[in-house]
Amino acid sequence: MACPFFMPTNKLEDGGWLHPSRLPLGGGWTGHCCAPGHEGVEPTDQEVREFCNLGYAAGCSRLPKERAFDAVRFSIARDRGAQLQFWFVCESCHRPAGSGMLEYDLSVGQWVSSHADLRIQKMAECYLQSYLARRNPVRVSGLQFEHKSLITHP
């Protein structure tokens, strides 16, 4: 459950988490804050580890007191090869505050359905990148996912 005001930008390979693949975005990320009045602020390494990647960041000084939700989580609903569907759930006070389904088509490299909130959409892209990295060897360039097999045949 990432902080809803976190805009992830780069994969964080060594953030000090015991099991980074279990993080809400499928791995650790660096990025910047999107909280009102703090747009573009880069969190400290400690904030990235304790708040941004985990959500429910009550200890974060930038977290607005009034907010629609506290955290966002994602999970794969269906993996049909080239068609990936996954759920997103926005939580407030540890309860659902909104949810929906997103879909990405690997065969054309684009979203079939996306989220209107750019922060949640960016988190979905990060989650997708992390998922694909575990599922298949993947190289990501911007929003385009290029598949490159590491298996060689004699």
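None of the values given here were measured: they were computed from a predicted structure. Values below: all heavy atoms of this structure, side chains included; hydrogens, waters and symmetry mates excluded.
- The shortest side-chain heavy-atom distance between Val112 and Leu102 does not fall under the 4.5 Å cut-off.
- The two atoms that bring Val72 and Pro24 nearest to each other are O-CB, 4.2 Å, heavy atoms only.
- Atoms CG and CD, from Leu25 and Gln129 in turn, are 10.5 Å apart once rounded to the nearest 0.5 Å.
- In this structure, Ser92 contributes its side chain and Asp70 its backbone to no donor-acceptor pair below 3.5 Å.
- Smallest separation of non-hydrogen atoms from Arg95 and Tyr56: N-OH, 4.3 Å.
- A salt bridge links Arg62 with Glu47; the closest basic N to acidic carboxylate O contact falls under 4.0 Å.
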Which donor-acceptor pairs under 3.5 Å do the side chains of residues 30-43 make with protein atoms, sequence neighbours left out?
from: Thr30; atom 1: OG1; to: Asn10; atom 2: O; distance (Å): 3.3
from: Glu39; atom 1: OE1; to: Gly37; atom 2: N; distance (Å): 3.0
from: Glu39; atom 1: OE2; to: Gly37; atom 2: N; distance (Å): 3.4

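- Annotation: side chain of Arg135 is in contact with side chain of Asp79 (closest heavy-atom distance under 4.5 Å).
- Under a 3.5 Å cut-off, the side chain of Arg134 and the backbone N or O of Gly26 do form a donor-acceptor pair.
- Rounding to the nearest 0.5 Å places CZ of Phe6 at 13.0 Å from CZ of Phe51.
- Qualifying side chain to side chain donor-acceptor pair (under 3.5 Å) partners for Gln83, counting only residues two or more places apart in sequence or in other chains: Asp105.
- In the hydrophobic clustering, Trp87 connects to Met101, either directly or through intervening members, whenever side-chain heavy atoms lie under 4.5 Å apart.
- Side chains of Leu12 and Pro20 form no contact here, defined as non-hydrogen atoms less than 4.5 Å apart.
- Cys60 places none of its side-chain heavy atoms less than 4.5 Å from the side chain of Glu50.
- Note that SG of Cys52 is 11.0 Å distant from CD of Gln46, once rounded to the nearest 0.5 Å.
- Using a 4.5 Å heavy-atom cutoff, the side chains of Leu106 and Arg80 are not in contact.
- No side-chain donor-acceptor contact under 3.5 Å links Ser99 to the backbone of Phe88.
- Residues Trp111 and Gln121 form a side-chain contact, since some pair of their non-hydrogen atoms from C-beta on lies under 4.5 Å apart.
- Met7 forms part of no hydrophobic cluster, judged by ILVMFWY side-chain heavy-atom separations under 4.5 Å.
- Think of Phe5 as one node in a network of Ile, Leu, Val, Met, Phe, Trp and Tyr side chains linked at under 4.5 Å; its network also takes in Leu63.
- Annotation for Lys11 and Ser130: closest pair NZ-OG, 3.1 Å, computed over non-hydrogen atoms.
- At least one donor-acceptor pair under 3.5 Å links the side chain of Asn53 to the backbone N or O of Trp29.
- Put simply, the side chain of Arg22 never gets that close to the backbone of His19: no donor and acceptor are under 3.5 Å apart.
- With a 4.5 Å cut-off on side-chain heavy atoms, Pro4 and Ile120 do not count as touching.
- Between Ile76 and Phe86 the shortest heavy-atom distance is CA-CB, 3.7 Å.
- A heavy-atom distance below 4.5 Å is not found between the side chains of Leu128 and Phe74.
- Applying the ring pair (Phe, Tyr, Trp, His ring centres under 6.0 Å) test to Phe69 and every residue at least two apart in sequence or in another chain returns nothing.
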